[in-house]
Student: 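Below is a structure I'd like to ask you about.
Per chain, numbering begins at 1; letters A, B, ... match sequence-line order.
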Amino acid sequence: MNTVEEILDFAIDREQQAADFYSNLAERVSSAWMKDMLLGFSKEEMRHKGKLKSVKLGDKLLNADQHVQDLKIADYTVDVEPAEDISLQDALIVAMKREKAAYRLYSDMAANIDDPELKSLFLGLAQEEAKHKLYFEVQYDEQIMRDN
Amino acid sequence: MQNWPSQIGYFMLNLTIVGLYGMLLSGIVARTLAKVQGRIGIPLYQPFLDLAKNLGKRTAVSHGVMFYLGPVFRLAGGIGTLAFVPVLYGSEIFGNFSMAGDLLLAMYFMFFGQLGMALGAGESGHPFSAIGIARGLGQMTAYEVPFALAIIAIVVQYDTLSITEIVAAQQGGIGNWTVFTNPLAVIAAMIAFLGMTAYPPFDVVMAPNEIPIGPPTEYHSSYLAMMTMNQAVFAGAKLILFMALFFGGATNLVELVIKTWAIYMVAVVVGAAFPRFRVDQSIRFFLRYPTLIGIAAIAYTQAVLLP
Amino acid sequence: MFEPNPPIDLSSGKYLKLWQGPQHPGITGNMSLELITRGDEVVDCKTHVGYLHRGFEKLMERRTFIQNFPVVCRIAVPEPTFNEYLYAAVVEELTGIESPPRAEWIRTLNLELMRLASYLMWLGGIGAAFGQSTVYQWTVTHRDYILDLFEEMTGARIYHMYIVPGGVRGRLPEGFEDRCRDVLNRVEKLLHDVEKVLFNNVVFKTRTKGLGHIPKEMVDPYGITGPNQRAAGFSRDLRKDAPYLVYDQLEFDLITATESDTYARSWVRYLEMHEGIRMLRQCLDRMPQDGPFQAKMPNVLHWEVPAGETYIKAECTRGEYGYYMVTDGSEYLRRVHVRGPSYTHAIALMEKLAVGTNIADIAGLMVSLHTYPPEIER
Amino acid sequence: MSLKDLISPFYVWQRAFEKPYTQKRPIEDRPGAPRYRGFHMNSEECIGCGTCESICQNHAIDMVPVEGLEQRAGDSGLRPRFDYGRCCWCALCVDICTTRSLHLSNHYAWVTEDPDAFHFTAGTDAMPWNQNSLGYRRDDDYHLLVHDRVEMQALSAEESVAGFDEVMRGYTEEEAVLEADRCVECGICVATCPAHMAIPDYIRTVRKGDYEAGLRLLYETNPFSSTCGRICTHRCETVCVMGYQGDPIAIRWLKRAIVDRVPQEKYREILGDEVEENGKTVGVIGAGPGGMSAAYYLRRQGYAVTVYEAQARAGGMLRYGVPSYRLPDNQLDKDLEYIRSLGVEMRFNTQVGRDIPFTQLLDEHDALFLAVGLNQPSALRIAGEEHPRVLSGLRVLDDVASGKDPGVGKRVAVIGGGNVAMDAARVSRRLGAEVDVLYRRRIEDMPADPEEIRESQAEGCTLVPQAIPVEIRNASDSNQVTIVWGEAEMVADDKGGRPRPVLQEDRMHEETYDCIIAAIGQGGQIDFIPAEFRDRIEFKWNKFVPGDYQQTGLEKLFVGGDIANSRADAISAIEDGHHAARGIHRFLSGALDG
């Protein structure tokens with residue numbers, strides 16, 4: 001992965017994988033409303049993918065400097081197995097943690113690279129993932145920890 | 001009367017000047033009274049605006065011919081008075097129709113206007129008019145007594161019925177003015193003057209409280225305007241007459257303005273200070289002290305001045 | 001004095017029937033006098049009211065107790081405050097609410113200022129009725145100075161709507177006392193001028209002395225109160241005889257006269273104005289500067305006053321002013337009756353006094369009784 | 001005639017030399033006094049309560065809708081329109097204004113050729129005096145309304161913490177009348193109350209002492225009046241206009257004042273509830289407030305109603321989630337018994353999906369109302385959660401309600417800031433424990449009722465705000481548990497949500513307790529609905545999204561209560577039940593065919 005194009009392809013691929021992950025899970029779950037929700041997550045990932053595609057086509061730019069709030073909810077929740085009887089709470093935890101992992105991945109890549117252009121690209125991707133994570137964290141905060 | 005067309009032209013000029021002056025004077029007096037009352041008062045040109053407004057209005061009532069003629073008589077009285085009073089002594093232009101017996105004519109016209117007014121107002125049928133006329137004629141008759149006595153006194157004193165000659169006799173220094181030569185007559189006349197100008201305490205005829213408006217109750221629009229014009233002309237004529245008879249007349253317009261204004265202020269000064277007499281009280285008043293003073297003036301003239 | 005005036009044969013042609021009013025500058029408000037005259041002499045007088053009837057007493061039955069509070073001041077236009085006070089007092093009496101001491105002082109100040117303003121207007125009125133309009137302009141201007149005070153104290157010049165059941169509507173504005181003292185000084189100075197110009201005036205004396213004499217024995221049967229009564233030699237004043245508000249803590253003298261004519265009535269009022277200024281100065285000096293000015297009130301929106309009835313009276317500028325109220329425990333009053341002195345003074349008394357006077361004296365006579373037609377027709 | 005009397009009047013001329021009293025242009029040069037009662041101004045604080053309209057003795061004020069102003073909770077969307085042909089500028093409207101938004105300016109001259117202009121809406125119409133800073137305002141010490149609430153007799157903190165006796169003792173008749181008297185009857189509360197109860201009307205019946213009429217009004221919209229009179233979340237009181245300058249009316253306590261004075265035996269006679277069977281049956285799943293409310297209104301319409309309840313007793317969260325010091329059992333029973341007395345059939349210990357299949361219910365009944373509530377406590381999902389000394393708040397409350405000892409020990413940490421957390425904390429206090437309440441946000445952010453927060457503090461619970469639990473560890477004593485929590489900083493949410501806590505990892509604390517009670521929120525469970533129906537039902541997150549009249553895409557199924565609304569309180573559930581009952585009636589009588 002040495003060119004911008006390759007990196008973006010990699011990222012687009014990751015988003016696709018995530019979308020597939022959620023739609024597969026949605027097939028399997030038994031809980032009444034989880035299916036709808038997981039398909040919603042999947043759509044969300046496809047939206048991210050679409051955004052990266054337009055970055056690749058040069059229609060959009062990634063902003064590496066923005067500050068995205070980190071609620072740090074994902075950091076202290078336990079790991080959850082995506083099982084058939086997954087609850088809403090657990091699904092959100094899974095989502096948060098996936099986005100967090102993606103964020104870490106891009107951040108690490110940025111740290112290990114010297115090319116300023118690529119570095120900035122990785123940082124931009126990391127911020128994107130941070131934003132996605134924030135979305136799930138906010139939902140967790142609102143839907144699960146209503147009383148906390 | 002040699003050159004009567006120009007005489008008439010000069011008279012028209014006099015009439016205009018005196019009329020305008022009379023209007024202005026009413027504005028000045030209004031402002032003066034306002035000052036006493038703690039107000040700023042109307043602008044000086046306000047009487048002209050009022051006149052213009054009244055002239056511009058139409059009428060919709062009919063009270064008969066005499067009613068319409070009332071203001072005409074009234075105005076005729078004012079103009080008539082002015083016609084025989086020389087405005088400026090020794091001036092051809094401002095001499096008017098001065099002649100041998102003009103004093104009598106002037107006095108006649110002063111009375112005539114009131115009577116005409118009385119006829120017209122009486123025709124309106126309004127009780128306030130009728131009461132006002134009764135009061136007005138009663139009071140007029142009363143103040144005419146001291147006024148007539150004062151006139152008799154000075155006629156005796158100057159031995160003439162011509163105003164111009166009376167003025168001529170007073171020329172040559174302030175000491176020659178009637179007011180100094182025959183003060184009793186002037187006092188009687190000035191008290192009568194208070195009655196004529198209808199300022200308090202002798203304003204019961206048109207008192208706004210004791211019966212609203214009085215004789216002119218029913219008059220409006222151009223009738224009212226005609227009466228306002230008469231008031232101006234009449235006031236001017238009266239003042240000039242008093243000035244001529246008692247205060248040495250005037251030889252120029254400035255002197256005229258100062259003197260007439262001062263004479264008028266006598267009524268204003270008294271007017272601001274007093275409430276008004278009821279009509280029976282004012283009649284009683286005029287027939288008491290002023291009449292006595294008038295009689296005394298004649299006696300004084302006969303006894304002191306003539307020998 | 002109780003017999004009706006003798007009948008008059010109008011068709012004889014000796015008499016003229018003359019209507020004075022209902023719009024007439026000699027009457028403070030709308031009422032009319034039906035005069036029958038012979039020459040300038042009035043031989044018969046009938047009083048007519050009804051030109052100003054707004055039905056306040058009935059209106060008030062259809063309004064809640066708080067909603068009546070803006071209504072009552074309109075019963076006597078030149079003196080709204082007495083109505084406000086009395087209405088507040090009857091409601092307070094029936095509900096058992098007690099207005100705090102500070103409010104009582106402010107109310108007294110208010111009432112005496114109102115009395116002074118009303119007298120000033122009256123003083124101008126008596127001058128103007130007899131043709132002395134200069135005094136009228138002066139006094140009305142000084143009344144306006146008092147209205148300025150009312151404006152800053154209450155928010156309005158005429159309909160103050162300030163004395164509300166339970167207390168007053170607000171504290172006195174900053175620096176009010178000084179401005180009030182200043183106005184009192186100016187009014188006092190003016191009064192001395194008026195004394196010189198009006199009361200020491202030959203024409204005024206000629207007009208007013210002997211005019212409208214009220215015999216002493218007529219006073220009680222005709223329900224004559226206030227200065228009219230005191231000018232007839234009675235030493236009666238509710239402020240002394242049945243003190244309300246803080247009048248028992250104020251020093252003032254009762255003014256009386258014996259002549260009982262228009263001049264005496266004017267002179268009594270003139271001296272009462274001085275007493276009023278004296279009282280106002282005491283109020284300003286001794287009024288409490290803090291503390292509540294309103295009692296604890298229930299929610300006025302649905303204020304139910306317990307069933308009961310009461311009559312409360314106060315000495316207004318014209319005499320005894322009273323409110324009689326009956327309540328039935330609901331949110332509306334059952335009946336209210338307003339006793340205004342103008343009713344007795346302007347109707348029956350005027351019919352008697354007018355006979356034998358001159359037409360020109362009617363306006364002055366009417367003013368000398370100090371009546372306000374609006375309060376006749378509640 | 002003395003000479004003095006002749007000379008003295010000329011003294012008038014002395015005044016001619018003084019400054020005139022009058023001014024040349026008085027109107028421009030003379031503003032009204034600072035307190036002048038001039039033209040009306042209305043500021044943005046106005047909420048359109050219409051109290052000005054009620055007090056106006058001239059009927060000069062009309063409340064009218066204003067373009068661009070939406071009706072919302074606590075704002076009627078109306079604004080006062082003034083008719084200056086009627087106004088007398090008494091300013092009673094200003095005195096009575098509950099928000100103090102209405103003022104009079106000291107502007108008093110207004111000339112226009114347009115007669116309609118004298119009919120204007122203050123505050124929204126552009127008027128020349130709108131910028132005036134002077135004019136009449138109500139004095140701070142002058143009131144036409146009563147701003148202080150009549151305090152209710154309550155057990156002292158020491159007494160209340162000693163047992164499970166009801167804390168609030170109820171109003172006496174006099175107190176109730178005094179409190180009811182404060183109401184201005186604006187009706188802002190009616191719009192905000194989820195059940196749209198006729199609040200001003202029943203408050204008036206309290207004032208008049210006519211409790212039977214009051215009860216009739218209550219039952220028009222709410223068959224849980226005794227319950228709601230005690231534990232309602234009273235959204236009405238949060239929007240009450242009296243709250244702007246003082247205490248809101250104690251609407252909840254006044255409702256209780258009515259029900260407390262009417263014995264249950266007389267309900268039937270007072271309410272006149274006669275059931276005329278109509279031959280149709282409706283099944284209700286869940287005997288909580290939503291289900292029982294639906295059962296009541298359906299039964300009144302003549303439906304044969306069967307209620308399926310998994311627990312042994314009716315009441316749902318009201319019974320198992322609300323401790324008896326807030327809602328004594330007999331009061332809840334009073335409401336429930338009356339509903340049952342109309343002939344509602346109860347099937348207890350019947351969990352749908354386990355004891356009876358959902359499809360069977362669907363077949364047996366003409367319509368179904370589902371209100372199973374949120375009974376699944378959310379897990380903490382932090383490390384060490386499975387420690388045996390970590391309890392759920394709902395369980396603790398459930399145990400206490402069923403008479404079991406939850407065994408909380410002597411030192412308890414409660415995690416959460418909602419009503420369940422507060423109740424768990426207060427119950428633990430009553431069981432003799434020292435209680436710390438850890439909450440992630442600030443105290444003012446707590447979703448619990450302010451009363452509950454206040455009372456729990458009074459009873460000795462320690463509130464630890466901005467504390468985020470991160471880990472649970474074994475303590476040295478196996479009967480104890482250690483919690484690690486970090487301090488939080490609040491950051492504003494740029495999307496307009498509530499401020500969010502952010503963990504400060506450098507400020508960690510560690511504390512050991514006998515047990516930890518987690519009460520961070522609840523979720524629902526609807527797996528009993530077979531998968532083939534689910535496609536026709538709309539969900540969002542973990543909730544139903546019902547259509548009109550609480551109907552779902554599965555036409556016979558109506559839903560309500562916590563599982564179908566975002567408000568999660570009893571009164572919303574009651575309204576859902578009532579609303580669904582109306583919907584079911586329309587549906588079954590053919591008016592609504594899906």
Student: Looking at A91(D), P34(D), G32(D), G135(D), which one has more heavy-atom pairs under 4.5 Å with chain C than the rest?
Tutor: A91(D)
Student: So for R169(C), is it side chain, backbone, both, or neither that comes closer than 4.5 Å to the heavy atoms of chain D?
Tutor: both
Student: Measuring heavy-atom distances to chain D, does P298(C) have an atom under 4.5 Å in its side chain, in its backbone, in both, or in neither?
Tutor: both
Student: Would you mind reporting whether V72(C) and F56(C) have side-chain heavy atoms less than 4.5 Å apart?
Tutor: no
Student: What residue, out of M161(C), E151(C), H142(C), has the most heavy-atom pairs lying under 4.5 Å from chain D?
Tutor: E151(C)
Student: With a 4.5 angstrom heavy-atom cut-off, is it the side chain or the backbone of Y21(D) that approaches chain C, or both, or neither?
Tutor: both
Student: With respect to chain D, which residue among V135(C), T206(C), N201(C) yields the maximal number of heavy-atom pairs within a distance under 4.5 Å?
Tutor: N201(C)
Student: Report the option among I66(C), L59(C), T134(C) that has the most heavy-atom pairs separated by less than 4.5 Å from atoms of chain D.
Tutor: I66(C)
Student: Using 30° and 60° as the class boundaries, would you call the ring planes of H147(D) and H143(D) parallel, tilted or perpendicular?
Tutor: perpendicular
Student: Under 4.5 Å from any heavy atom of chain D, what part of K189(C) do you find: side chain, backbone, both or neither?
Tutor: both
Student: Applying side chain to side chain contact (heavy atoms under 4.5 Å, CB included), run through V300(C) and F65(C) and close with a yes or a no.
Tutor: CA-CA 8 Å; V300(C) 296; F65(C) 287 94; over 6 Å; no
Student: Checking heavy atoms, do the side chain of R171(C), its backbone, both or neither come under 4.5 Å from chain D?
Tutor: both
Student: Under a 4.5 Å heavy-atom cut-off, does chain C meet the side chain of I96(D), its backbone, both or neither?
Tutor: side chain
Student: Quiz question: by atom type and distance under 3.5 Å, do the side chains of E84(C) and Y162(C) form a donor-acceptor pair?
Tutor: no
Student: Can you spot which of R204(D), R207(D), K208(D) makes a side chain to side chain donor-acceptor pair (under 3.5 Å) with H302(C)?
Tutor: R207(D)
Student: For chain C, find which of D141(D), L145(D), L178(D) contributes the most heavy-atom pairs closer than 4.5 angstrom.
Tutor: D141(D)
Student: Look at C183(D), G38(D), S54(D) and state which one has the largest set of heavy-atom pairs under 4.5 Å with chain C.
Tutor: C183(D)
Student: Salt bridge or not between R100(D) and D140(D)? Use side-chain N to carboxylate O under 4.0 Å.
Tutor: yes
Student: Against chain D, label Q67(C) side chain, backbone, both or neither, depending on which of its atoms sit under 4.5 Å from a heavy atom there.
Tutor: both
Student: Measure distances from F204(C) to the heavy atoms of chain D and classify the residue's part below 4.5 Å as side chain, backbone, both or neither.
Tutor: neither
Student: Contact part of H160(C) toward chain D, heavy-atom cut-off under 4.5 Å: side chain, backbone, both or neither?
Tutor: backbone
Student: Are more than 12 heavy atoms, taken from residues, nucleotides or ligands other than Y211(D), located less than 6.0 Å from that residue's OH atom?
Tutor: yes
Student: Considering only NZ, NE, NH1 and NH2 on the basic side and carboxylate oxygens on the acidic side, decide whether R261(D) and E173(D) come within less than 4.0 Å.
Tutor: yes
Student: Is it the backbone or the side chain of L190(C) that comes under 4.5 Å from a heavy atom of chain D, or both, or neither?
Tutor: both
Student: Is the ring pair Y84(D)/W89(D) parallel, tilted or perpendicular, if the boundaries are 30 and 60 degrees?
Tutor: tilted
Student: Which region of W138(C), side chain (C-beta onward) or backbone (N, CA, C, O), has a non-hydrogen atom less than 4.5 Å from a non-hydrogen atom of chain D, or is it both or neither?
Tutor: both
Student: With a 3.5 Å cut-off and no angle check, do the side chains of H103(D) and S43(D) form a donor-acceptor pair?
Tutor: no
Student: Any side-chain donor paired with an acceptor under 3.5 Å for Y136(D) and D95(D)?
Tutor: yes
Student: Non-hydrogen atoms of chain D under 4.5 Å away: do they reach the side chain of V203(C), the backbone, both or neither?
Tutor: neither
